[in-house]
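Here the structure is a predicted model, which means the values were calculated and not measured. To find a chain, count down the sequence lines: A is the first, B the second, and so on, and within it residues start at 1.
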Amino acid sequence: MKDILTSNINSLNDSQKKAALKMHGPIIIVAGAGSGKTRVLTFRIAYLISQGIDPFSILSLTFTNKAAKEMKKRVGELVNESESRNIWMGTFHSIFAKILRIEANKLGYTSSFTIYDTQDSDRLISSIIKEMGLSKDSYKPKQIRNRISTLKNNLITVESYESDFELKEYDEIAKRPLFGKIYLEYTKRCFKSNSMDFDDLLVKTNELLNKFPETLAKYQDRFRYILVDEYQDTNHSQYLIVKMLADKYHNICVVGDDSQSIYSFRGANINNILNFQKDYEEVEVFKLEQNYRSTKNIVKAANSLINHNKFKLEKTIWTNNEEGEKVIIRKCFSDNDEGKYVAKSILENVDKNKSKYSSFAILYRTNAQSRIIEESFRKNNIPYKIYGGVSFYQRKEIKDILAYLRLTINSNDEESLKRIINFPPRGIGNTTIDKLIVASKTYDLSIYDVIIEKINFIKINSGTKDKIFDFVNMIESFKTMVKNYDAFELASQITKRIGIVKFYENEGTAEGINRIQNIEELLNGVKNFIDERNQLNEPVLLVNFLEEVAMATDFEVQDSSEIDSVSLMTVHLSKGLEFPCVCIIGMEENLFPSSMSLDSREGLEEERRLFYVALTRAEKKAILTFTNNRYRWGKVIESEESRFIDELDSSFVKYDKNNYNEGSLLLTNPTIKYKSIKNKFRKLENSEFTHNEINNNQISEIKKFKINTIVKHSIFGKGIIKSIDGQKQDSRAKIYFYEKGEKNLLLKYAKLQIIDTE
DNA sequence: TTTTCAAGAATTTTT
DNA sequence: TTCTTGAAAA
């Protein structure tokens, strides 16, 4: 055994050790937050290998890319790289996508099938709804997609849907009786496009393993040791796959914590973990209850919270760590103040206690909340990194280029084709595209094949036909390059040929320049990808690259310098991570818990688990903030303290009521009448704010702008103020921008920088 | 067919 | 607020 292993084994506690060393048979590890479950899992893998188990026969499944990456890194530290590379380790979706590529033809796909992301699915559903002549009001694409997703996660095919009275009735009540037709058409179109959506990756894997016993046997024999992390978040479809694969050898180890089940919206079924013991008679159960991560105050506060949930496995999380600070709660006047408070808390710690920025994480319920924090951080020069959110790969310009690449690999990919057949514009309009869609249905061919085989039977102007031929010829020429060029050469050639950079250059906007930078970034990413792969002697073709990015949400920026920065992410994304100090913002009713979850006990309990997850990310310090006024949907909404704050045992928390001089606090809404503002201030009397100062500050800021002041705007550039109307905080200025012409801006929004006062 | 502009919707959470 | 969509104009 490697030294590093031996020293590691000694650092495990009793139950951790037992769980890690039991190589054979089914086991379940019920692991509380911070109980070192990743250590156990990684150690277990390393131990298996040290005992001579072939890394190729180990399958390790996680839920998020982030978790997979972390796991790979940590296993890599314990095992030789040459060995760890051979372990099949990744998310359910990515692992089974790999297998499906190998087995694709059994199911009628080719191995170059495309993976549709949510956006692709939405677009396809939208166009189906349109083609069927249905109204978008009763048939909302996103709702339809969710519904389809739920059905697929439970392996309910179109046929079984159609024969299920209850399911159909549900849709009739929801006023979408034709849902089944849409589901059918969607399924057909995906298949015709040689494409699978995220759910298909699991559905088709089930189909594969069910229909082809010899294939099932092959993978059963291959994956003799299976580990599943976050088992509480498996859905029915995933559950069945794991069960089938483990059926022969029963060497299955699942790890989970029912208190951290937070993915029921995508079909996670908590019963999978609660019933695991019924599935395998000889199962051994290990409980990890000692928390190594957090202080006593945090652990106890979290326990007091989760005790409000009815449905849970019995376990008691405890810790030997120091008492630590109490959980800090801060009430803020507005979301702006919340941003300031968070920034202030971070700066204070960085200055006084020499903390690193990377010790801090800001967690929020919804992605939209990140914006105000970002603003505040930029103002205060705090470096930060956002995880998730609008992913790099979701950006229009990136999706467009990927669509060209996808179409080159799989020309049946309908969504990619529709996306780019007229982008950059080449004179093929919607009318033409609609005709092609109709023809593709009549001839039961993909749009691309219709163009190639049946274009002469379709009524289209000859001029337009030529343009279509040009387009197809271009794609055909890309196809001939696929075999001879690596992904980077191909991607750069294609980018050049389609003239997308020129297109954005001609636009000449700041946005256009940004898009060009993103395109360059993408090409760098491809380059990086092949460099890495070349080192490992792995294939570097375009297909391989597309496979890699299909489910990637995070774009790896290759900054070697690893800048010390604060992490911003949703609570969901934070699962499995830990930070010395965690700020959970927006602890308000209707936000956290989300308003969508309030009508059912299950929904509310899931929100509570979500908060539990958030709170238990903290090692030393947890800060919770909530506001009285939050800017949402372009309006200021009054908000109230989350019920979850009340549920924390008060002996572990402390309200921060200090009066920090808040400086210029801008009120963000013109629609609030002065009187109502006054009322709000009255409510806050004797608390932390000194209101008059706020108003005066704000107004004095605005008063600085005068006619003929020269200002700079982040988008419009430099300009001169022509006139100012309106009162105080509602002041508007007519500004002549030297490059962009005259604009009328609200002073308090515009964030103008004064360059010169004449 | 393409571009522009105004009105209306939007915010759970991820693969 | 920002993003998307649809209609009208070019």
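At whole-Å resolution of the value, CD1 in A:I372 and C1' in C:dT1 are 10 Å apart. Between the CD1 atom of A:I129 and the P atom of C:dT5 there is a distance of 12 Å, rounded to whole Å. One can place NZ of A:K130 at 9 Å from C1' of C:dG6, the figure rounded to the nearest angstrom. Put simply, CD on A:E606 is 14 Å from P on B:dT13, counting in whole angstrom units. Rounded to a whole Å, the NZ atom of A:K69 is 16 Å from the P atom of B:dT14. One atom, CD of A:Q119, and another, C1' of C:dT4, lie 12 Å apart when rounded to the nearest Å. Atom CE of A:M569 is separated from atom C1' of B:dT12 by 18 Å (rounded to the nearest Å). Look at CG on A:L363: it is 12 Å from P on B:dT14, rounded to the nearest Å.
In the set C:dT1, B:dT11, B:dT14, the nucleotide with an atom closest to the side chain of A:A368 is B:dT11.
Paired with A:K152 under the rule side-chain hydrogen bond (donor to acceptor under 3.5 Å, both in side chains), one option of A:T157, A:D197, A:N206 passes, and it is A:D197.
For B:dT12, the OP1/OP2 oxygens have no side-chain nitrogen or oxygen of A:K142 closer than 4.0 Å. In terms of phosphate contacts, A:T570 brings a side-chain nitrogen or oxygen within less than 4.0 Å of OP1 or OP2 of B:dT14.
A gap of 16 Å separates the P atoms of C:dG6 and B:dT11, to the nearest Å. For the P atom pair drawn from B:dT13 and C:dT4, the interatomic distance equals 15 Å after rounding to whole Å.
Checked by atom type, the side-chain pair A:S642/A:E588 shows no donor-acceptor distance below 3.5 Å. A donor-acceptor contact closer than 3.5 angstrom is absent between the side chains of A:E338 and A:T627. A donor atom on one side chain and an acceptor atom on the other are found under 3.5 Å apart for A:S149 and A:D199.
Within 4.0 Å (heavy atoms only), A:F63 reaches sugar-phosphate atoms of the nucleic acid but no base atom. Within the nucleic acid shown, A:K396 has no heavy atom closer than 4.0 Å to any nucleic acid atom.
Remark: A:E606 engages A:R609 in a salt bridge, criterion side-chain N to carboxylate O under 4.0 Å. Comment: A:E547 does not engage A:K98 in a salt bridge, judged by the lack of any side-chain N to carboxylate O separation of less than 4.0 angstrom. Ion pair A:D400/A:R419 flagged as a salt bridge, since at least one NZ, NE, NH1 or NH2 atom sits closer than 4.0 Å to an Asp/Glu carboxylate oxygen.
With a cut-off of 3.5 Å on both Watson-Crick or G-U wobble distances, the partner of B:dT12 is given as none. Across all strands shown, C:dA9 pairs with B:dT2; the Watson-Crick or G-U wobble distances both stay below 3.5 Å.
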N/O-N/O pairs, protein side and nucleotides 1-4 of chain B side, under 3.5 Å:
| unit_1 | atom_1 | unit_2 | atom_2 | d |
| --- | --- | --- | --- | --- |
| B:dT1 | OP1 | A:T431 | OG1 | 2.3 |
| B:dT1 | OP2 | A:T432 | OG1 | 2.8 |
| B:dT2 | OP1 | A:G427 | N | 2.7 |
| B:dT2 | OP2 | A:N422 | ND2 | 3.2 |

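Pairing each heavy atom of A:C583 with each of A:V342, the nearest pair is SG-CG1, 4.2 Å.
Between A:K140 and A:F265, the one whose closest nucleotide on DNA chain B sits nearer the 5' end is A:K140.
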